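Below you'll find the structure, written out as structure tokens, and then a few comments.
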Amino acid sequence: IYRGMSMGKITICSKQDFIDLMRSSGKPLRRIAIESKTPQTTFENWLYGHSVPSLENVCKVLSAIGYELIAVAKENENDV
């Protein structure tokens with residue numbers, strides 16, 4: 001499901017990867033919404049609509065499920 005999964009690191013390459021990670025956390029989506037202070041209707045728009053979570057909301061949700069967002073520089077220019 002997740003690309004680049006090793007040593008607790010997960011590479012999220014799409015909205016679906018993000019949704020799958022939320023679902024695999026073991027927490028009900030309602031609990032994640034409460035803990036991340038994100039309206040449940042926003043979650044429903046992500047899941048069933050065409051909206052995409054903002055970077056701010058991604059960070060809040062990741063924190064609620066025990067992750068953090070970190071940007072890592074590529075080791076060389078040929079990494080794509």
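The analysis underlying the following values was restricted to heavy atoms, covering all of them including side chains, and did not include hydrogens, waters or symmetry mates. Since we're looking at a predicted model, the values are computed, not measured.
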*Can you list the other members of the hydrophobic cluster that holds I70, where links are side-chain heavy atoms under 4.5 angstrom apart?*
V72
_Under a 3.5 Å distance rule, please check whether S51 uses its side chain to pair with a backbone N or O of N45 as donor and acceptor._
yes
*Answer with yes or no whether the hydrophobic clustering places W46 together with V52; edges join I, L, V, M, F, W, Y residues whose side-chain heavy atoms lie under 4.5 Å apart.*
no
*asked:* Taking the side chain as everything from C-beta on, heavy atoms only, tell me whether R30 gets closer than 4.5 Å to F43.
replied: no
*Dump the intermediate steps for side chain to side chain contact (heavy atoms under 4.5 Å, CB included) on E35 and K27, then the final yes or no.*
CA-CA 10 Å; E35 290 179 10; K27 287 186 179 184; 2.4 Å; yes
*Same apolar cluster: I34 and Y67, side chain cutoff 4.5 Å*: no
*Kindly say whether K60 contributes a backbone atom to a donor-acceptor pair with the side chain of K37 at under 3.5 angstrom?*
no
*asked:* With rounding to the nearest 0.5 angstrom, report the OG1 to CG distance, T42 to N57.
replied: 6.5 Å
_Side-chain donor/acceptor of S36 to backbone N/O of I32, under 3.5 Å_ = yes
*K15 NZ to D20 CG distance, which is reported to the nearest 0.5 Å*: 11.5 Å
*Tell me, do V61 and P53 make a side-chain contact under 4.5 Å, heavy atoms counted?*
no
*Any side-chain heavy atom of L69 sitting closer than 4.5 Å to one from I12?*
no
*asked:* Could you measure the distance from the CD atom of Q16 to the CZ atom of R23? Nearest 0.5 Å is fine.
replied: 6.5 Å
*Of all the heavy-atom pairs spanning T11 and D17, show the shortest one and how long it is.*
O-OD2, 4.3 Å
